[in-house]
Amino acid sequence: MMMRLFFIILLLFIIQYQTSLLAFADDHQHPAKIELLHRHAPQLNARPETQLDRIKELLYIDMTRQKMISQKLHPRREACETSNQTAIEMPLRAGRDYGTGQYFVQFKVGTPAQKFTLILDTSTELTWVNCRYRCGRNCIKHNTTQPHRKVFKADLSSSFKTVPCLSQMCKVDLMNLFSLTRCPMPLNPCAYDYRYLDGSAALGIFANETVTLGLANGRKKKLKNVLIGCSDSFKGQSFANADGVVGLAHHKYSFANKASPKFGGKFSYCLVDHLSHKNVSNYLMFGGSKNESLLSGNVRYTKLELRLISPFYAVNVMGISIGGVMLKIPFTVWDAKSGGGTIIDSGTSLTFLTEPAYKPVMSALEMSVSRFERLKQDGLPMDYCFNATGFVESLVPKLVFHFADGARFEPHTKSYIIDVADGVKCLGFVPVTWPGISSIGNIMQQNHLWEFNLRESKLGFAPSICT
Ligand SMILES: *[C@@H]1O[C@H](CO)[C@@H](O)[C@H](O)[C@H]1NC(C)=O
Ligand SMILES: *[C@@H]1O[C@H](CO)[C@@H](O)[C@H](O)[C@H]1NC(C)=O
Ligand SMILES: *[C@@H]1O[C@H](CO)[C@@H](O)[C@H](O)[C@H]1NC(C)=O
Ligand SMILES: *[C@@H]1O[C@H](CO)[C@@H](O)[C@H](O)[C@H]1NC(C)=O
Ligand SMILES: *[C@@H]1O[C@H](CO)[C@@H](O)[C@H](O)[C@H]1NC(C)=O
Ligand SMILES: *[C@@H]1O[C@H](CO)[C@@H](O)[C@H](O)[C@H]1NC(C)=O
C-alpha cells in the first residue's frame, strides 16, 4: 500500500517535472517572431516621395531623439530648471520624446485581443497605447467593437487590471516612469504624466494587461500581467501612424524584461537595408533563432551594460579604426562616468558621435572620397556629401568599432557611406556636442543580427541577410 502510494507520488512528480521541462523546451524551440515595419514601409502609407525626402524625415526624427538622449544624461539639472515641484513628484522630468522610433510592430493587447500598430523602441521603458478607460469598477460595459480601432478600449478587456495608486509598484517602481503621487483613494489607478520636448504631454493610467505574441511555429503565446500605459490624452506629431509604443529598454517593468525570461532571457532583431526599394522584412524575435547554429561561427559577443546609461543599452566602445589604423580619440569619449559613453539604439537612424570622435572619423573618411565632387545638401545635418558617379565601395577603407573586451564590429560600407539621393552619397555621421552620449544608429546596424541577452548581460552580433 505504502509502496504503491510512493510510486504514484513519484510518477506524479516525474510527470510534473517532464511537463515543466517541455514547457521550457517549447519556448526555446519556438521563439516569438514579430515582423518589424520600417516607418517608410509601403504598408504604413507614409512613405515620402523621394529618397532625399525620406532621409530628411528620418534625420529630423534623429535630431529630436538625440536631444532626448542627451537630456536624459542630465535629468536632475533639467528637473530643477524646468520645475519647482519636488523631485519625488516629478522624477526625471527632462523632456523625452517617445514618439521618435523608426520601426513599427503589430501588437495585440487585452482579452479578447485588440490589435495596434505600435512604435518599437529599445530606448523606452514603458509600453503604452492610446486608450479609453471610462468605467472603473462595477460599470456597464459598452459594446462598441469596431474593426481597425485605433484606441484601446480598456472597458472591453477582461484582463485589464489597473495598478492601485497606493501600491509599492506605483509609489516606488514606477516613479521613474513618471507615476504621480496623487492618490485620493487607495484603489484609484496609478496615473502618469509624461512631458515632451515640444511641450505636449501624455496622461494616462498604468495597468496590467495580457499581450498575445505569435510564435514562429504559428501558435500563440499569452503573456499575462504586462505593464502597459493606458494613455487617454496625448498629443505628438511623430505619432501620426502609431497607436503607441512598445518599450524594450531595460527596466523592471519594460516589455523586454517581461517577455524575455519566457524565451531564454533574450531578444534579437535583424534590420535589412531600409533604403532599398525591395519589400524585404525586418524582424524582432524573443528567444533563440533555430538557425543560430548557422551563425554561431560568426557571432561575436560584447558586454551589454544594462545600468551604465539607464535605460539605454550601453556598450563599451574603446576605439574606432579606419583602414586598420586606430584613430586618436580621447578615452573619455567612451567613458560614461566622464559624461561620454555609447549606446546601441534602434530608434536613431544615423550614428551620432561626440565631437572629439566625430572629427577624426570624418577626416579619415573624407580623405578616401575627396576625389569626388563635394555637394551641398540643403536640409541635411550631414556635413559631407558627394557626387557618387564612379564610386565603388572598395575605395573606402573599412571602419571598425572596437569594444573593450576585444570584440570588433565591422559594419557594411553602405552603412556609413549612405545613399541620400540618386547619385549622391553622404558620410553617415552626425556630431554631438561634448560631453555627450554617442549612439550607434540603426543604419549602422543593418544586415546584422543583434541579440540582446538580458540574462547574461551580453550583446551578440553577426552579419546576416536577416531572412
Ligand atoms: C512655481 O513656479 C511658477 C512659475 O514658474 C510660480 O508662479 C509659482 O509660484 C512657483 N511655485 C512655487 C511653490 O514656488
Ligand atoms: C458584444 O458584441 C459581440 C458581437 O458583436 C457579442 O458577441 C457579445 O456578446 C457582445 N457583448 C456584450 C457584453 O453585449
Ligand atoms: C501587475 O503585475 C505585476 C507583475 O508584473 C505584479 O507584481 C502586480 O501585483 C500586478 N498588479 C495587479 C494590480 O495586477
Ligand atoms: C512587395 O510588395 C508588393 C506591394 O507593395 C506586393 O504586391 C508584393 O507581393 C511584394 N513582394 C514580395 C516578394 O513580398
Ligand atoms: C532556418 O534556415 C532555413 C534555411 O536555411 C529556413 O528555411 C528556415 O526558415 C530558417 N528558420 C528560422 C527560424 O529562421
Ligand atoms: C555627378 O557628376 C556627373 C558627371 O561626372 C554629372 O553628370 C551628374 O549630374 C552629377 N550629379 C550630381 C547630383 O551632381
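Atoms within a ligand are numbered from 1 in the order they appear, just like the ligands themselves. We're numbering straight along the sequence, starting at 1.
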Could you list the donor-acceptor pairs under 3.5 angstrom formed between side-chain atoms of residues 364-376 and any protein atom two or more places apart in sequence or on another chain?
residue, atom, partner, partner atom, Å
Ser368, OG, Leu365, O, 2.7
Ser370, OG, Met367, O, 3.0
Arg374, NH2, Asp383, O, 2.8

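In terms of polar-atom proximity, defined here as any N/O pair under 3.5 Å, Glu373 makes no such contact with ligand 6.
Judged by distance alone, with hydrogens and angles left aside, the side-chain atoms of Asp62 form a donor-acceptor pair with the main-chain N or O of Leu350 at under 3.5 Å. Ser159 places a side-chain N or O within 3.5 Å of a backbone atom of Thr111 that can act as its donor or acceptor partner.
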Run through all N or O atoms in ligand 3 and write down each protein N or O closer than 3.5 Å, as a pair with its distance.
residue, atom, partner, partner atom, Å
ligand 3, 2 (O), Asn208, OD1, 3.4
ligand 3, 2 (O), Asn208, ND2, 2.3
ligand 3, 5 (O), Asn225, O, 3.3
ligand 3, 5 (O), Lys258, NZ, 3.3
ligand 3, 11 (N), Asn208, ND2, 2.8
ligand 3, 14 (O), Asn208, ND2, 2.9

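The side chain to side chain contact (heavy atoms under 4.5 Å, CB included) test applied to Pro186 returns Leu166, not counting sequence neighbours. Applying the side-chain hydrogen bond (donor to acceptor under 3.5 Å, both in side chains) test to Lys398 and every residue at least two apart in sequence or in another chain returns nothing.
Here Lys303 pairs with Glu305 in a salt bridge; the nearest charged N to carboxylate O distance falls below 4.0 Å.
Counting atoms of ligand 6 from 1 in the listed order, those under 4.0 Å from a heavy atom of Thr389 are 1 (C), 2 (O), 3 (C).
Taking both residues in full, the closest heavy atoms of Asn257 and Pro261 are given as O-CD, 3.0 Å, listed atom of the first, atom of the second, then distance.
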